[in-house]
Amino acid sequence: MEKITAPRGTKDVLPLEVDRWHMLETTARRVAQSYGFQEIRFPAFEHTELFIRGVGDTTDIVQKEMYTFEDKGGRSISLRPEGTASVVRAGIEHGVFQGALPFKAHYIAPVFRYEKPQAGRLREHHQFGIECYGAAGPEADAEVIALAHTFLTNVLPVATELPFVLHLNSIGCPTCRGAYRDKLLAYLQSKPLCHNCTERMARNPLRVLDCKEASCQSVVQDAPVTNQCLCADCQTHFASVQTYVRQLGIPFVVSDRLVRGLDYYNRTVFEFICTQIGAQGTILAGGRYDGLVEQLGGPPTPACGFGCGIERILLLQDAFGVAMRQEHTPFLCITTADTPDSPAGVAARLLTQKLRAFWYVEQDITGRSLKAQFKHADRLGAKYVMTIGSTEIETATVTIKRMADGAKLTCALDSDAIVALLLADIAPQTAPVMQDSSENANL
RNA sequence: GUGGAUGUAGCUCAGUCGGUUAGAGCAUCAGAUUGUGGUUCUGAGGGUCGGCGGUUCGAUUCCGCUCAUCCACCCCA
């Protein structure tokens, strides 16, 4: 048979690594909720039109990276390439923007883009996203940035130096950006630019600003800068954002080259960038998008938020050797040397069933030898192993082996007695393991 | 979409200047006096040497194409 592999740019998460995902997700939800951002869920696919109007039809994401197909009803459907458009659509659809504002939501969801995979870039990746609607002031920007900072410092090792740098900029409102664009175009007109930038000039001249080509860099050095061409309102807004972020003790640098790839941004844009995970160093990025709700047919509603790439956080954790592994060790293994249909086999199964109300209990289901069952119990890290065979049935007594020191405890063959004995034996230690692994996740 | 590197067991990798049954370590499974783990010893299973085509008496080894992985550009989280 021919092997079927995972589609290009997708990743399996095996049980061994799933703990780190739980830990990230748990922390994300906890931090989001501590800032008042409730969870929202939305479909993995939408009408293609939503992304064309939301993300923007000049963007690469919409032009060449969307998974678009026609469904059996003839509709053009696209897998979501990002989360914000869907949240806005859902908000409009359910009248949320006419209700109590601000509306604050978070999500953790897979997004899909047809890209060529490389380090930190996948065709399916997961984003932790934050959305805040109905707050126009710089306090909202600062709150969103603070949330981002809190999340990152909770999932990454924070030494004297942070493993990432916050870059902050303002690209102005539609009015001052238009004026700025003209100014920039006039400046760039006569300058020598690389092939890419010549193309960029037509579509999105702002992108020329963060070209990595050395020749363009030198040209751009003297170019007019976005945040110095802002209108009065945008200037005050940006100044306040900086003040508030500084007040919160969050270090940042103003990068006047920083622009974003999605059309809907205005005023504040920011990126948390690291240098340890390859060329795709942006781990979290966002900003303000005041025009988006109206653009998609809702009431004029100011908005801001961010998206954070979970896989890139994982990569950064790897780079810093952050280990995260919950213990999944059985408390008790019940072994038997008899056949599954024998009285002992039946008793073992019933007992396992009862004791699982208290602990994680393993019982062999492969029919391997008693010795192999012990070996397996040891490998799993079981605290106790209890054997039930014909002798135990006859005497109505069981011995339970304490694996740490090999001591044998004797007990009546009765679930209540066994529970009592084991509870007494572990009393000085910590409580048994029956709890949600995602609840006690922290570094 | 463009460019570079790589592709041998579940994992990490040897190896074949083209030649009979392709190896190691780890992992898995089974035994070492028949109902008791971690060490040790012995043994076993597991690979169409990424796929297709070409050159050749003969290819896992050479050539072409293709697919996949990794990395960079582009773009973005």
On a whole-Å scale, what distance lies between the [atom1] atoms belonging to [N] and [M]?
N: B:G23; M: B:U16; atom1: C1'; answer: 11 Å
N: B:G53; M: B:A72; atom1: P; answer: 35 Å
N: B:G45; M: B:A30; atom1: C1'; answer: 10 Å
N: B:G38; M: B:U33; atom1: P; answer: 13 Å
N: B:G3; M: B:C49; atom1: C1'; answer: 28 Å
N: B:U21; M: B:U48; atom1: C1'; answer: 16 Å
N: B:A27; M: B:A9; atom1: C1'; answer: 11 Å
N: B:G47; M: B:U8; atom1: C1'; answer: 8 Å

Can you measure from CZ (A:Arg288) to CZ (A:Phe270) and round to the nearest 0.5 angstrom?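 The CZ atom of A:Phe270 is 10.5 Å from CZ of A:Arg288, to the nearest 0.5 Å.
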Spacing of A:Arg181 atom CZ and A:Thr226 atom OG1 [to the nearest 0.5 Å]: 12.5 Å
Could you tell me whether A:Arg113 and A:Asp60 have a side-chain N and a carboxylate O separated by less than 4.0 Å?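 Answer for the salt bridge query: no.
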Do the side chains of A:Glu46 and A:Arg89 get close enough for a salt bridge, i.e. N-O under 4.0 angstrom?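 Salt bridge present between A:Glu46 and A:Arg89.
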Between [X] and [Y], a side-chain donor and acceptor under 3.5 Å:
X: A:Thr335; Y: A:Gln373; value: no
X: A:Thr27; Y: A:Asn154; value: no
X: A:Tyr35; Y: A:Thr150; value: yes

Looking at every strand, decide which applies to [X] at a 4.0 Å heavy-atom threshold: base, sugar-phosphate, or nothing.
X: A:Glu65; result: sugar-phosphate
X: A:Ala119; result: sugar-phosphate
X: A:Gly381; result: nothing
X: A:Leu122; result: base

For the pair made of [atom1] in [X] and [atom2] in [N], what is the distance, rounded to whole Å?
X: A:Leu284; N: B:C76; atom1: CG; atom2: C1'; value: 13 Å
X: A:Ile61; N: B:G1; atom1: CD1; atom2: P; value: 18 Å
X: A:Glu17; N: B:C11; atom1: CD; atom2: P; value: 13 Å
X: A:Glu115; N: B:A72; atom1: CD; atom2: P; value: 14 Å
X: A:Ile313; N: B:A77; atom1: CD1; atom2: P; value: 13 Å
X: A:Ile277; N: B:C71; atom1: CD1; atom2: C1'; value: 14 Å
X: A:Gln118; N: B:U6; atom1: CD; atom2: P; value: 19 Å
X: A:Glu271; N: B:C75; atom1: CD; atom2: P; value: 13 Å

Applying salt bridge (Lys or Arg N to Asp or Glu O under 4.0 Å), can you list everything that pairs with A:Asp405, at least two apart in sequence or on another chain? A:Arg402
Examine the base of B:C75 for any acceptor or donor lying under 3.5 Å from a partner atom in the side chain of A:Gln280, and report the outcome as yes or no.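 Check passes, donor-acceptor contact within cut-off.
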N/O donor-acceptor pair, side chain A:Arg121 with base B:C75, under 3.5 angstrom: yes
Letter per nucleotide, 5' to 3', of nucleotides 30-42 of chain B [B base touched, S only sugar-phosphate touched, - untouched; heavy atoms, 4.0 Å]: S----BBBB----
Establish, yes or no, whether the cationic atom of A:Arg123 lies under 6.0 Å from the six-membered ring centre of A:Tyr114 and within 45° of the ring axis. yes
Mapping A:Ala279 and A:Gly9 to their closest nucleotides on RNA chain B, which lands nearer the 5' end?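 It is A:Gly9, whose closest nucleotide lies nearer the 5' terminus.
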Output field dot_bracket for RNA chain B (Watson-Crick or G-U, both distances under 3.5 Å, | for other-strand pairs) contains (((((((..((((.....[...)))).(((((.......))))).....(((((..]....))))))))))))....
Select one nucleotide: of B:A77, B:U2, B:A68, the one nearest the side-chain heavy atoms of A:Arg8. B:A68
Quick one: does A:Glu17's side chain have a donor or acceptor within less than 3.5 Å of a partner on A:Leu14's backbone?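 Yes: the side chain of A:Glu17 pairs with the backbone of A:Leu14.
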Evaluate the ring planes of A:His149 and A:Phe272, with Trp represented by its six-membered ring, and classify them as parallel (under 30°), tilted (30 to 60°) or perpendicular (over 60°). tilted
